[in-house]
Amino acid sequence: MKIGDIEVLPIRDGVGVEVAAEILSRPGVDDPWACHHEHTEADGSLRLPFGGFCVRTGDRTVLVDAGMGPYDDGKYTGGDMLSSLAAEGIAPADVTDVVFTHLHADHIGWATRDGVAVFPEATYRVHQADWEHFVTGEKAPPGTVEKLTPLGNRLELFDADFTVAPGLDARHVPGHTPGSTVYVISSGGRRALLLGDVVHSVVQFSERDWEVVWDVDPAAASAVRNRIADEAADTDDLLVGAHFPDMRFGRIIAADGNRRFVAV
């Protein structure tokens, strides 16, 4: 995918399987998926790709999210990110920056391995609110602390929107997590948004009131999701969620007050 002069590559790491009705629901509706079976498997499950996106801009190679990492519990499987990068001609030492949309386990898996940074030349960046929630907070998950603490002085925290690299900007959108961040790619009059987990299923673009079980602040997450979708509707902006089918970008089409996502 080219956005002007910037190249964006989906980097696959693995896949997770969830029962759709257990993770995405609509308040007051017993079977909200009844009208959306085309987005689930025949058994009602959702397959959620794991991975990240590599953004090549100027002399920078930026990895947005670091996948699940080497892991397999029968439900979630990761481990392919380095081979996926290699297939694009990218070695770990070629990555200049690693930025996180947030710090859930399926986005940080290749940050370190055995206590050593996987991308030895990269600066790692994440919003301070997520670091405080997932790493230094009283209820920080031990696995996340163990995974990220070894980054040491390779890590930079930010607490305001900023430019990561030419044509790549970080935009704080709290809700899914306190420090959730969208990365906006702009070049040649075109724009694309890497949404992380602001949206888990394309259905959430059509259904304004759906909730996902992992949102820390469901009301704030819904407001962010709908604002982004409304801003992008009927424009040429491309959007992609971290777990969209095949990690494909698409556009928001609006008609008669309804929205839908059309993959490109």
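Quantities reported herein were computed from a predicted structural model and do not represent experimental measurements. The residues of the chain are indexed from 1 along the displayed sequence.
- Side-chain atoms of R60 do not come within 3.5 Å of backbone N or O of V55 as any donor-acceptor pair.
- Between H243 and F50, the ring planes lie perpendicular to each other; the angle is over 60°, past the 30° to 60° tilted range.
- Taking each heavy atom of V145 and V135 in turn, the nearest pair found is CG2-O, 3.4 Å.
- When R26, R259, R260 are each tested for a salt bridge (charged side-chain N to carboxylate O under 4.0 Å, His left out) with E207, only one passes: R26.
- For the ring pair (Phe, Tyr, Trp, His ring centres under 6.0 Å) condition, the pairs that include at least one residue of residues 148-171, sequence neighbours left out, are H127-F158, F158-F162.
- E132 contributes atom CD, which lies 4.5 Å from atom CD of Q128 (distance to the nearest 0.5 angstrom).
- Although no hydrogens or angles enter the test, the distance criterion places no donor-acceptor pair under 3.5 Å between the side chain of W33 and the main chain of G44.
- Put simply, CG on L63 and CE on M81 are 5.0 Å apart, with the number rounded to the nearest 0.5 Å.
- The minimum heavy-atom distance linking P70 with G109 is given by the pair CD-O, 4.4 Å.
- The two atoms that bring P178 and V216 nearest to each other are CD-CG2, 4.3 Å, heavy atoms only.
- By the criterion of side-chain heavy atoms lying less than 4.5 angstrom apart, applied directly or through intervening Ile, Leu, Val, Met, Phe, Trp or Tyr residues, M1 is grouped together with V184 in one hydrophobic cluster.
- Residues E18 and Y76 are in side-chain contact: their nearest non-hydrogen atoms beyond the backbone lie under 4.5 Å apart.
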### Task
May I have the step-by-step check of side chain to side chain contact (heavy atoms under 4.5 Å, CB included) for V202 and F244, ending in yes or no?
CA-CA 7 Å; V202 299; F244 281 11; 3.9 Å; yes
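- With hydrogens and angles disregarded, no donor-acceptor distance shorter than 3.5 Å links the side chain of S84 to the backbone of I11.
- Among the candidates L194, V62, L193, the single residue satisfying the side-chain contact (heavy atoms from CB on, under 4.5 Å) test with I185 is L194.
- Considering all non-hydrogen atoms of both residues, V203 and H39 come closest at CG2-CD2, 3.3 Å.
- At least one side-chain heavy atom of L157 sits under 4.5 Å from a side-chain heavy atom of V126.
- Side-chain N or O atoms of R190 include none that pairs as donor or acceptor with a backbone N or O of L238 at under 3.5 Å.
- The heavy-atom pair separating S186 from I6 by the smallest distance is O-CD1, 3.8 Å.
- A donor-acceptor pair under 3.5 Å links the side-chain atoms of S187 to the main chain of D5, judged by distance alone.
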### Check against side chain to side chain contact (heavy atoms under 4.5 Å, CB included), N226 and R208
CA-CA 7 Å; N226 283 301; R208 290 179 175 271; 3.3 Å; yes
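- There is no path of hydrophobic side-chain contacts, each under 4.5 Å, that joins M68 to V99.
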### Task
Please assess Y183 against F53 for the test ring-ring contact (aromatic ring centres under 6.0 Å, His included), listing each intermediate value before the final yes or no.
CA-CA 10 Å; Y183 292 91; F53 292 86; over 10 Å; no
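- Both V64 and V8 belong to a common hydrophobic cluster when Ile, Leu, Val, Met, Phe, Trp and Tyr are linked at side-chain heavy-atom distances under 4.5 angstrom.
- Using a 3.5 Å distance cut-off with no hydrogens or angles, the side chains of D197 and W214 do not pair a donor with an acceptor.
- The distance from atom CG of L48 to atom CG of D106, rounded to the nearest 0.5 Å, is 8.5 Å.
- In this structure the side chain of W131 reaches within 4.5 angstrom of the side chain of L103, judged on heavy atoms.
- For the pair D13 (side chain) and G69 (backbone), a donor-acceptor distance under 3.5 Å is present.
- By the criterion of side-chain heavy atoms lying less than 4.5 angstrom apart, applied directly or through intervening Ile, Leu, Val, Met, Phe, Trp or Tyr residues, V182 is not grouped with I108; the two fall into different hydrophobic clusters.
- Side-chain contact, D72 with T77: a donor N or O sits under 3.5 Å from an acceptor N or O.
- Checked against ring-ring contact (aromatic ring centres under 6.0 Å, His included), H36 has the following partners two or more places apart in sequence or in another chain: W210.
- A salt bridge is defined here as a Lys NZ or Arg NE, NH1 or NH2 lying under 4.0 Å from an Asp or Glu carboxylate O, and R191 with D169 fails to meet this definition.
- L239 and V264 fall within the same hydrophobic cluster, defined by Ile, Leu, Val, Met, Phe, Trp and Tyr side-chain heavy atoms under 4.5 Å apart, directly or through other members.
- Looking only at distances, no side-chain donor or acceptor of T123 sits under 3.5 Å from a matching main-chain atom of D97.
- Within the 4.5 Å cutoff, no side-chain heavy atoms of D94 are placed close to those of L85.
- Here the CZ atom belonging to R227 is positioned 11.0 Å from the OG atom belonging to S222, to the nearest 0.5 angstrom.
- Under the 3.5 Å distance criterion, the side-chain polar atoms of S201 are left unmatched by any main-chain donor or acceptor of Q204.
- No more than 12 heavy-atom neighbours from other residues, nucleotides or ligands sit within 6.0 angstrom of CG on D30.
- Side-chain atoms of D246 never come within 3.5 Å of backbone atoms of R248 as a donor-acceptor pair (strictly under, hydrogens ignored).
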### Query
After noting the C-alpha distance and the side-chain angles of R171 and E231, does the key distance pass the salt bridge (Lys or Arg N to Asp or Glu O under 4.0 Å) rule?
CA-CA 14 Å; R171 176 180 171 190; E231 289 174 354; 3.2 Å; yes
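- In this structure a side-chain-to-backbone donor-acceptor pair under 3.5 Å is missing from T61 to R56.
- Around atom CD of E138, no more than 12 heavy atoms belonging to other residues, nucleotides or ligands sit under 6.0 Å away.
- Using a 4.5 Å heavy-atom threshold, the side chains of L148 and F134 count as separate.
- Across every non-hydrogen atom of S25 and P32, the tightest pair is CA-CG, 4.2 Å.
- A salt bridge is absent between K75 and E22; no separation between the charged side-chain nitrogens and carboxylate oxygens falls under 4.0 Å.
- The shortest distance between side-chain heavy atoms of T101 and H176 does not fall below 4.5 Å.
- For the pair V98 and W110, the minimum side-chain heavy-atom distance is 4.5 Å or more.
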### Verdict with reasoning, I253 to D234, per side chain to side chain contact (heavy atoms under 4.5 Å, CB included)
CA-CA 5 Å; I253 306 300; D234 293 331; 4.2 Å; yes
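- Rounded to the nearest 0.5 Å, atoms CG (D130) and NE2 (H104) are 7.5 Å apart.
- Considering only heavy atoms from C-beta on, F249 stays 4.5 Å or farther from D237 through its side chain.
- Residue H102 holds its NE2 atom at 3.5 Å from NE2 of H107, rounded to the nearest 0.5 Å.
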